[in-house]
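What you see is a predicted model; the values in this text were computed from it and never measured. Here is how names work: the chains are called A, B, and so on, in the same order as the sequence lines, proteins then strands, and each is numbered from 1.
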Protein chains: 2
Amino acid sequence: MAINQTRDDMVDSIISVFRSEGYEGASLAKLSEATGLGRSSLYHHFPMGKEDMANAALDRLGILMGGDILGPLAGPGSARQRLADFGAKISGFYADGRQPCLLDVFSVGDAARLFQDRLRQTNRAFIQAITDLAASTGASPAEAARRGEDALIAIEGALIVSRGLASSDPFRRVLAELPDRVLGTEK
Amino acid sequence: MAINQTRDDMVDSIISVFRSEGYEGASLAKLSEATGLGRSSLYHHFPMGKEDMANAALDRLGILMGGDILGPLAGPGSARQRLADFGAKISGFYADGRQPCLLDVFSVGDAARLFQDRLRQTNRAFIQAITDLAASTGASPAEAARRGEDALIAIEGALIVSRGLASSDPFRRVLAELPDRVLGTEK
DNA sequence: GTCTATAGCTAGATAGAC
DNA sequence: GTCTATCTAGCTATAGAC
């Protein structure tokens, strides 16, 4: 769309289409419109077509996760402050619960068959980052792992229920309660 | 597929395809193969094509929910026993976490635009059934509503993470912990 | 109620000019 | 690097025989 867009800009547009439409629902027409590029230009950048675009989307998701989103969890500051920063990133990344997660929409159909291994890696990285933080606050390894897994479950589930109810409330509530649940200080 | 199949059998096969492939990924070829009916036979039963099939799937999901799945929650027996029965139904319905939920796969793309209102109703019915049980055990209305919503969030999230990790473990753990979370007796 | 055959379209993908 | 034009395959949907 934008003039002089970088490859990251292109991939961000592509991710947006995959998230909203799913893998099979993301037609080249929609991907073309979102990026502002003609079909042939897309094939110039992604010779293998849609599969290449999805791999580029997963590449970028991995980079965003490892850096901007999960990064705060291992950063400086108190555990509670790091979780607050993380929550803000998550809220923005999922547009207050309105934007689906690629880990969800790629877990059915052709995408599930094509990208199974990559999905597993990204799920693991997410869980591990929360697990590490929980462990650093004194939780046992098993308990920390449980909280890491629960955090991803809660976020993914909240996204579905928020879309299902057409309300951001469940997503916001889950994010608000997340620090206490990770730190084991709920109730 | 089966000889002498009822309409419910047909719709069950259709649901299975929608769950595995998503709305856009569920081609008539796959729906035809799963039901054992030719394209034209499908159009005889569902004149509006795929959209009719999806509506039939949502009709049946509503009936299964209202009866077999959520029914135990309002049945006889202790609250804990009812939750155990419910958990067993959920485990079977989602094939131990391997089968996606229609409320998830229909929440993106064309299906989200077509069936938004129906999805909201079904989400609400699910949450309400758990909420009612929690309220009947003494939880305040607000707390009961929170637990109802959390139960659906946990189940939907666990399905995604279980598929993402290619392991039933997260789904099983969430189901095992669900009674305590609904009854407020966790930890 | 199911079938074969096919229409009409859109999907993903390619060729080649500029 | 982007475009127009086009290919083939698969898609949804329909017609009409049985």
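For B:Arg113 and A:Glu21, the salt-bridge test passes: some basic side-chain N is under 4.0 Å from an acidic carboxylate O. Here B:Arg173 pairs with A:Asp150 in a salt bridge; the nearest charged N to carboxylate O distance falls below 4.0 Å. Ion pairing between B:Glu143 and B:Arg146 holds under the 4.0 Å rule for side-chain N and carboxylate O. A salt bridge is defined here as a Lys NZ or Arg NE, NH1 or NH2 lying under 4.0 Å from an Asp or Glu carboxylate O, and A:Asp12 with A:Arg7 fails to meet this definition.
For the ring-ring contact (aromatic ring centres under 6.0 Å, His included) test, residues two or more places apart in sequence or in another chain that qualify with B:Phe115 are B:Tyr23, B:Phe106.
Over its length, the helix from C:dG1-D:dC18 to C:dC18-D:dG1 turns its helix axis by 0°, as judged from the five terminal pairs at each end, rounded to 10°.
Separation of atoms OH (B:Tyr94) and CG (B:Leu175) is listed at 10.0 Å; rounding is to 0.5 Å. Note that SG of B:Cys101 is 9.0 Å distant from CZ of B:Arg163, once rounded to the nearest 0.5 Å.
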Could you list, one pair per line, each protein nitrogen or oxygen that sits under 3.5 Å from a nitrogen or oxygen of nucleotides 6-9 of chain C, together with the distance?
none

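Distance, A:Glu21 CD to C:dG12 P: 12 Å, rounded to whole Å. Spacing between atom CE of A:Met53 and atom P of C:dA11 amounts to 13 Å, rounded to whole angstrom units. One atom, CG of A:Leu31, and another, C1' of C:dA11, lie 12 Å apart when rounded to the nearest Å.
Side chain of B:Ser168 to main chain of B:Gly97: no donor-acceptor pair is present (N/O by atom type, distance under 3.5 Å, no hydrogens or angles).
When the nearest nucleotides of DNA chain C are assigned to A:Ser27 and B:Met10 by heavy-atom distance, the more 5′-ward of the two goes with B:Met10.
Residue B:Ile153 comes nearest to A:Pro170 through the heavy atom pair CD1-CB, 4.2 Å, listed as atom of the first residue, atom of the second, then distance. The shortest non-hydrogen separation linking A:Gly75 to A:Arg82 is O-CD, 3.1 Å.
Members clustered with A:Ile160: B:Ile160, by chain and number, using a 4.5 Å side-chain heavy-atom cutoff among hydrophobic residues.
The footprint of chain B on DNA chain D, defined by a heavy-atom cutoff below 4.0 Å, extends from D:dC11 to D:dA15.
Within residues 40-49 of chain A, the residues that place at least one heavy atom under 4.0 Å from DNA chain C are, in residue-number order, A:Ser40, A:Tyr43, A:Gly49.
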(message) For a side-chain hydrogen bond (donor to acceptor under 3.5 Å, both in side chains) check, start with the C-alpha distance between A:Asp85 and A:Gln81, then their side-chain angles and the critical distance, and finish with the verdict.
(response) CA-CA 6 Å; A:Asp85 294 345; A:Gln81 182 58 51; 2.9 Å; yes

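Atom NZ of A:Lys30 has more than 12 neighbouring heavy atoms from other residues, nucleotides or ligands inside a 6.0 Å radius.
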